[in-house]
Amino acid sequence: MGYLTLYAFSTENWKRPKAEVDALMDLLVRTVVGELEELNANGVRLHTIGDTASLPEGCRNTLMEAIAATAKNDRITITLALSYSARWELVHMARTIAQEAKAGTLDPEGITDATVAARLS
């Protein structure tokens with residue numbers, strides 16, 4: 001299976017005027033809905049990375065429905081990076097590792113490159 005990641009909306013985009021952000025979210029929803037049939041016809045699985053919890057509820061729901069509708073497709077995975085940045089990724093990974101260490105499920109002395117890689121989006 002092939003993979004393609006599209007950087008669609010960075011965390012910095014939240015600093016745009018509200019009207020622009022709203023228009024971008026609307027465009028995302030219209031595009032996902034409008035392309036869903038073609039994604040399925042071409043065996044494309046849709047996935048997301050980033051802080052999708054920060055997206056408007058309607059947008060998030062549309063994405064989750066499209067992800068579920070394409071989950072069994074196996075030709076290529078398209079990952080949309082939404083509300084994403086390298087800094088967000090690193091903070092998210094560090095918090096995950098810190099929480100696991102605090103809970104006692106991860107020994108801080110045992111943290112390796114593989115430990116970090118397994119917790120990245």
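Since this is a predicted model, take the numbers as computed values, not measurements. FYI, side chains are in, hydrogens and waters are out, and symmetry mates aren't considered; it's all heavy atoms of this structure.
- The line from OG1 of Thr11 to OH of Tyr84 is 10.0 Å long, rounded to the nearest 0.5 Å.
- Side-chain contact between Val21 and Phe9 is present, with at least one heavy-atom pair separated by less than 4.5 Å.
- Ala53 approaches Arg60 most closely through the heavy-atom pair O-NH1, 3.1 Å.
- With hydrophobic clusters built from ILVMFWY side chains whose heavy atoms lie under 4.5 angstrom apart, Val32 does not share a cluster with Leu27.
- In this structure, the side chains of Ile97 and Arg119 come closer than 4.5 Å at one or more pairs of heavy atoms.
- Judged purely by atom type and a 3.5 angstrom limit, Thr105 uses its side chain to pair as donor or acceptor with the backbone of Glu100.
- By the rule that hydrophobic residues join a cluster once side-chain heavy atoms approach within less than 4.5 Å of another member, Ile76 and Tyr7 end up as members of separate clusters.
- Checked by atom type and distance alone, the side chain of Asn73 never pairs as donor or acceptor with a backbone atom of Gly43 at under 3.5 Å.
- Without hydrogens or angle criteria, Thr112 side chain to Thr115 main chain gives a donor-acceptor distance under 3.5 Å.
- With rounding to the nearest 0.5 Å, the separation of CD in Glu20 from CG in Asn13 is 9.0 Å.
- Between the side chains of Ser83 and Ser54, a donor-acceptor pair is found at a separation under 3.5 Å.
- Of all the heavy atoms in Thr52 and Thr48, the pair that sits closest is CG2-OG1, 3.6 Å.
- Counting heavy atoms from C-beta on, the side chains of Val29 and Leu63 never come closer than 4.5 Å.
- Closest approach of Met1 to Asp74, counting heavy atoms only: CE-CA, 3.4 Å.
- Side-chain atoms of Leu24 and Arg16, non-hydrogen and from C-beta on, do get closer than 4.5 Å to each other.
- Remark: Leu46 CG to Thr70 OG1 distance equals 5.0 Å, nearest 0.5 Å.
- With contacts defined as side-chain heavy-atom distances shorter than 4.5 Å, the pair Ile78/Leu6 qualifies.
- Side-chain contact between Asp26 and Leu28 is absent, with no heavy atoms from C-beta onward closer than 4.5 Å.
- Counting only heavy atoms from C-beta outward, the side chains of Arg75 and Arg45 never approach each other to under 4.5 Å.
- Distance check, rounded to the nearest 0.5 Å: CG of Leu80 to CD1 of Ile49 gives 9.0 Å.
- Here His92 contributes atom NE2 and Ser121 contributes atom OG; the two are 6.0 Å apart, rounded to the nearest 0.5 Å.
- One N or O on the side chain of Asp107 and one on the backbone of Glu109 form a donor-acceptor pair closer than 3.5 Å.
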*Assess whether side chain to side chain contact (heavy atoms under 4.5 Å, CB included) is satisfied between Leu82 and Leu55, documenting all intermediate values.*
CA-CA 8 Å; Leu82 297 164; Leu55 299 175; 4.1 Å; yes

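- For the pair Thr62 and Val33, the minimum side-chain heavy-atom distance is below 4.5 Å.
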